[in-house]
Number of protein chains: 2
Amino acid sequence: MSHILIIGAGGVGSVVVHKCAQVLKEGGFSKVTLASRTLSRCDAIAQSVKTRLGVEVATAQVDADNVPELCSLIRQVKPDVVCNVALPYQDLHIMDACLECGVHYVDTANYEPLDTAKFEYKWQWAYQDRFREAGLTALLGSGFDPGVTNVYAAWALKHQLDEVHVLDIIDCNAGDHGQPFATNFNPEINIREVTARGRYWERGEWVETDPLSWSMNFDFPDGIGSKKCFLMYHEELESLVQNLKGIRRARFWMTFSENYLNHLKVLGNVGMTRIDPVKFQGQDIVPIQFLAKLLPDPASLGPLTKGKTCIGDLMRGVKDGKEKTVYVYNICDHEECYAEVGSQAISYTTGVPAMIGTKMVAQGLWRKPGVWNMEQFDPDPFMKDLNVYGLPWQCLDVTGKF
Amino acid sequence: MSHILIIGAGGVGSVVVHKCAQVLKEGGFSKVTLASRTLSRCDAIAQSVKTRLGVEVATAQVDADNVPELCSLIRQVKPDVVCNVALPYQDLHIMDACLECGVHYVDTANYEPLDTAKFEYKWQWAYQDRFREAGLTALLGSGFDPGVTNVYAAWALKHQLDEVHVLDIIDCNAGDHGQPFATNFNPEINIREVTARGRYWERGEWVETDPLSWSMNFDFPDGIGSKKCFLMYHEELESLVQNLKGIRRARFWMTFSENYLNHLKVLGNVGMTRIDPVKFQGQDIVPIQFLAKLLPDPASLGPLTKGKTCIGDLMRGVKDGKEKTVYVYNICDHEECYAEVGSQAISYTTGVPAMIGTKMVAQGLWRKPGVWNMEQFDPDPFMKDLNVYGLPWQCLDVTGKF
């Protein structure tokens, strides 16, 4: 029986709290506490949990940039695991606090310094020795992508393939929020990610591409149909190419509508996606932060979004000496998510795996001292919980079709 | 022999000074002074004039928002005519100063309050009695459009038609500056103008249209070819429908590329063309002003722009009891303008008529106490000077073609 402390009360945080409360109600956790900079947001989520599930979660106020404040909170709350769904800038502070206070750590997105648009695990992997020596587990990237996509790969390698040669992670949001332009999560992080240079793994080295310069059409299941997907760099590739036996090529693809890309291109052309400050009225103004201020709050899109997401791993490899290709994927419906927890599928598909990863660590199913990525644990209990907690998956044998 | 004071050292101001210096060199003016908020910009223009034409113009510093400062400058410089090519927000201050100091007034664009995107002559027409009683002439809108387009109409009514029933002013910039997006003059004023609702005159009343919702294709002469033109409201319509005998319909059209409109649409969608302040980092930030800060300085486009502009009046009416249609137009080449005065055609086509209007008033050819629009004077000497000073025109009989 474990006590969970969730830090971050955004769209993903709200889903994590609702799903942790479900486990609490089932008797799988002993207590759930939610903390963030803004106590009123925590209280609103706790109220929703009480209304929907009839269970209580505790709330607290904390500045996740402030390590002493984090430590004071952790010492007071005494959780077994901290689930970090704050901003990626804050990962290292929360890891520092977990080390100092002796609690396990789980997050969903890797640390990203404020001033560079760069994903890299190096800052967090550098904590390997400290977590190992402290006898604590740090589980990195337990969202959907990264997260479930890593577990899909580990599961396929355990049950379907002897070696994976080619991995294509394909992320499709076929939802429609009816707005001319909006981003699905924090606009600043979203736009930085999309406008970054692409990168994929090819026979032992990284190959860079211009932003959104490579695309393919992929025919998605469950009535979604064919969509244009663009090659991007995504953080799970960094660990997967190290941990997947036999991997030769690993790529990440995401669908974008023509309308979305046109807006991004224009905003880029006029300099509104710049992350460097511009002097204006005697102040430093970062254009992308000012743009984020003007765009719809991602949270406001929840009740407006219809349609489905489809995220999966297409893996070509060898089984018993013969070529074999499998496609493991989840379909998630925006409106069903909103009905269940008051958030649409983008937050739901990240928040549910954050809860499951936390549960894996809390219940001791995934626990070893050090800093780990998702594919470094046994995928089976995680895959089982995906089916139990709202993200059911399918595995298709598509040998010869791709 | 007259002394001319030019206020405003932007792109148009530079052209006015170069062309006034040309008249000075010919002996048509006795002295030319340029004043603006930034003395160094005035000095740079004066240096260009000296290099290109070998004549001296004086320079001075003035804040055009400050009437006492304007008066002190005017009393010191003692000009006969003030040519105002500062910002439209400043028209009334400069008119006030001219009245107080007893000098004639010429401008190129009507007064526009800072906080509304609205063109109206009412504020300037309200000075009618004061200028008449002071025995001073105020000539409004002596650019190309308004300006030359008004004079074309008056000339056609004097020489080509007994009545004008339908007037279509058609403004085409077929130039290409090679940038993804930039505006040809002050981005804030440009975007406010383009995103405003359209308006045209039809049988005694104004009809409103959604922004850029009406378009037509027009086949421009001199190799420019067919371009899509959009109906907009433009300030010369307000006076022309009062002053043109027999007018039933009056419209203004401007060409825009798909690329330009797409950029505007996206910037509008995300709120970047808003003129109301947004609270950001504790400050009021007006989105369109921040956007203007990011876009290329219009002055930087001069050396980059190739191609031509074509602005003209298509007028259908009656001559000797028979229907007749004439098209009066000018073609201007961006690179030729840049070679002559260091500015492209957008500034050139506004600056040359500003000099000619100033010359008309200064030489007494256009002078009557009060506040007047361009079509209220004899068009012939102005039309003659257009041919002399770089904006030659053509008149085609196109009866039955439109």
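Note on naming: letters A, B, ... go to the chains in the order of the sequence lines (proteins, then strands), and numbering restarts at 1 for each one. Worth knowing before you read on, the calculation uses all heavy atoms, side chains too, and leaves out hydrogens, waters and symmetry mates.
- For CZ of A:Arg274, the number of neighbouring non-hydrogen atoms (other residues, nucleotides, ligands) closer than 6.0 Å is greater than 12.
- Using a 4.5 Å cut-off between heavy atoms, B:Pro287 contacts chain A through both its backbone and its side chain.
- For B:Lys265, no part lies near chain A; criterion is any non-hydrogen pair under 4.5 Å.
- When each of B:Asn259, B:Val270, B:Leu291 is checked for heavy-atom pairs under 4.5 Å with chain A, B:Val270 comes out on top.
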Go through the steps for A:Leu267 and B:Leu267 under the test side chain to side chain contact (heavy atoms under 4.5 Å, CB included), then give the verdict.
-> CA-CA 7 Å; A:Leu267 294 170; B:Leu267 294 169; 4.1 Å; yes

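- Among B:Met272, B:Gln283, B:Lys279, the residue making the largest number of heavy-atom pairs under 4.5 Å with chain A is B:Gln283.
- In this structure, the portions of B:Gln281 lying under 4.5 Å from any heavy atom of chain A include both its backbone and its side chain.
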Report the C-alpha separation of B:Val266 and A:Phe181 in whole Å, then their side-chain angles, then the decisive distance to 0.1 Å, and conclude whether the side chain to side chain contact (heavy atoms under 4.5 Å, CB included) test is met.
-> CA-CA 8 Å; B:Val266 165; A:Phe181 184 71; over 6 Å; no

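- Heavy-atom distances place both the backbone and the side chain of B:Phe290 under 4.5 Å from chain A.
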